[in-house]
Every structure is written in structure tokens, then in C-alpha cells.
Amino acid sequence: MKKIILATAAAMLLSSTANATVLFYQEGFSNNLYSYDTDTATETLVGDLGLGADSTGLSFGLNGALYAFERASQSLYTINTATAAATLVGNAGIGAEDFTISLDGTQGFATASGSLYSIDLATGGSTLIGATSPTLDGLTTALTDVTINGSMFAAGSIFGVDSGDIFSVDVLTGASSLLGSSSGVNEALAFGSDGFLYGYTGGGLNTIDLDTFASTQIFDGTPGNVFGLAAQTNRSVGAVPEPATWAFMIFGFGAIGGAMRRQRKANVKVSYA
């Protein structure tokens, strides 16, 4: 009985740290925010962002917040993933057609007009780091250590895409290094908590092979353009279990303790002088 309860509790703990990934993206030239669950292959319209139709740059921070940049106002927003409602963080003071944003959990990174900036996620303020050369249309942050085209990169490394080519980006100088050419992925990148690199082409959402950069379409129902692509990271390994899961786990461990106490009592031998 004790082994069964222990196995059940362990299974609940493992299930609470599943590697599910949900992607969020803005429909090109509209205000609509969509989500796509990679486990169920389901696209869902979340709602109207209420921002400019040419808004671009979506990314999750490791704090679980979804951030967006609106080009018209040059401002940073947080986005409610349940309703698509946008809340102003502050003005970044930069803006260009190819603006995108990626986060490392403590600060943001953005490209505009061929330059890399750091973004203060508390105020929206920006600081120039340096030229990326070329102009990068999409940025993403590696969530874990990864091997790309035979080279090792640590978690937190930044990557970008331009005209189908994928680059690594030096966050201290802004300098970019060509890693290889993908199959048409040219507008958005996102590392998922499941370890996959996701990208967008005119044909839809794709996974990208980290050795060959070949892209494989996983969904073709996306809009004609996707300006920003974000992978939800707060469902990754080690995520905090839901309250209901904690309740089941506490019950399970309590049952284990009770079973062990009963077993000890049953093993006590009473002798009389």
C-alpha cells in the first residue's frame, strides 16, 4: 500500500512539471492575439490587443508576464494572456519597422534599425548596446543550454533571424554571428519550454532543426503575417504546481506518513515479565 501511494504522489509531482508549450502571436496588420497549444495543436483567438495594427515584438519574461511593443507609440506593454488586454509599462523612445523584443528574465533586449537595445521591463526605458548588422526581425532567448549547428550556447543566449538566416547575438556589443540558413523563417523566433525552436513563415508555424535549420510546419492556419511570437515559459520543468495539485500531493504524502506509522505500530512486540 505504501509503495502504491508513494508512486501516485511521485506521478502527481512529475505531471505538475510537464514540458507543455503554448505559443502566442499577433495577427499581422490587425490587433488580434492568438494562442497555439503545441500539445493539442489548437489555435485560439484570445482577443483584441487594442494596440496599433503594426505592433510587433512579443515575448515572455521568466516572471511569467507577456510583453509587447507598440511601434506607433514606441511603448512597452504587458499583455493579459486570458483577455489580450494591454497595460502600459512605459515609453522606450525607440521604434522602427523591424522592432522586436526578447527577454532574459531580468532585462529585455530589442532590435530597431539594425541596433540592439536593452529595455528596462519596469519602466520601458531603453539603452543602446550596439549595431547588430544585419537588421534582425526576430529575437529569442535560449531557456536551457543548447547545441546549435554543433556549437554550445548557455541558457540566456540571444538569437535572431533575418531573411531566413539565423544569428547568435552578443548581448554586450550587439554583434551578430551567422549560424546558418533556415527554410524561409524570417519574421519571428521563440524557444519553447519543450526545447524546440519555433519560427514563422508565410505558410504558418514551424519547428526548426538546431543542426540543419530545416523547418517543419506544425500549423498552417496562422494569419498571413505574424509580427511577434512568444513561447510561454511558466509551464516549463520545475513550474510551481497548481493549488489543487499541491492538495493532492499533501494528501498523498500524509497518507504515506500514516501508513508508515501504522506499520511501525503493527511491528511492536509486547512482552510481559
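- Residues passing the side-chain contact (heavy atoms from CB on, under 4.5 Å) test with Thr216, sequence neighbours excluded: Thr207.
- With respect to Tyr117, the side-chain contact (heavy atoms from CB on, under 4.5 Å) criterion is satisfied by exactly one of Ile129, Thr127, Leu128: Leu128.
- Not a single donor-acceptor pair under 3.5 Å links the side chain of Ser35 to the backbone N or O of Leu23.
- Formation of a donor-acceptor pair under 3.5 Å by the Thr44 side chain with backbone atoms of Val46 is not found in this model.
- Using modelled atom types and a 3.5 Å distance limit, the side chains of Thr38 and Thr21 yield no donor-acceptor pair.
- Closest approach of Phe109 to Gln107, counting heavy atoms only: CZ-NE2, 3.2 Å.
- When side chains are defined from C-beta on, Leu139 counts as touching Leu116, because their heavy atoms get closer than 4.5 Å.
- Within the 4.5 Å cutoff, side-chain heavy atoms of Thr78 are placed close to those of Val89.
- Considering only heavy atoms from C-beta on, Asn206 stays 4.5 Å or farther from Tyr198 through its side chain.
- Counting heavy atoms from C-beta on, the side chains of Phe219 and Gln217 never come closer than 4.5 Å.
- In terms of heavy-atom proximity, Ile79 sits nearest to Ala86 at CD1-CB, 3.6 Å.
- With sequence neighbours left out, the ring-ring contact (aromatic ring centres under 6.0 Å, His included) criterion links Tyr67 to no other residue.
- Between Ser126 atom OG and Ile94 atom CD1 the span is 4.5 Å, to the nearest 0.5 Å.
- For Ser75, the side-chain contact (heavy atoms from CB on, under 4.5 Å) partners two or more places apart in sequence, or in a different chain, are Ser73, Tyr77, Leu88, Asn91.
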Quiz: residues 146-162 side-chain donor-acceptor pairs under 3.5 angstrom, not counting sequence neighbours:
| from | atom 1 | to | atom 2 | distance (Å) |
| --- | --- | --- | --- | --- |
| Asn149 | ND2 | Leu179 | O | 2.8 |
| Ser157 | OG | Ala154 | N | 3.4 |
| Ser157 | OG | Ala154 | O | 2.6 |

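- Counting only distance, with no hydrogens or angles, the side chain of Ser176 and the backbone of Val169 share no donor-acceptor pair below 3.5 Å.
- Checked by atom type and distance alone, the side chain of Gln26 never pairs as donor or acceptor with a backbone atom of Gly228 at under 3.5 Å.
- Checking side-chain atoms of Thr42 against main-chain N and O of Thr40 turns up a donor-acceptor pair under 3.5 Å.
- The side-chain heavy atoms of Leu189 and Leu229, taken from C-beta on, include no pair separated by under 4.5 Å.
- For the atom pair OG1 (Thr140) and CZ (Phe191), the distance works out to 6.0 Å, reported to the nearest 0.5 Å.
- Smallest separation of non-hydrogen atoms from Ile119 and Gly124: CG2-O, 3.9 Å.
- Partners of Thr81 according to the side-chain contact (heavy atoms from CB on, under 4.5 Å) rule, which considers only residues two or more places apart in sequence or in another chain, are Phe24, Phe60, Leu66.
- Within the structure, side-chain hydrogen bond (donor to acceptor under 3.5 Å, both in side chains) pairs that include any residue of residues 165-175 comprise Asp165-Ser181 (at least two apart or interchain).
- Of all heavy-atom pairs spanning Glu43 and Tyr36, the tightest one is N-CD1, 4.0 Å.
- With a 4.5 Å cut-off on side-chain heavy atoms, Phe167 and Leu136 count as touching.
- The distance from atom CG of Leu76 to atom CD of Glu70, rounded to the nearest 0.5 Å, is 11.0 Å.
- With a 4.5 Å cut-off on side-chain heavy atoms, Phe213 and Ile166 count as touching.
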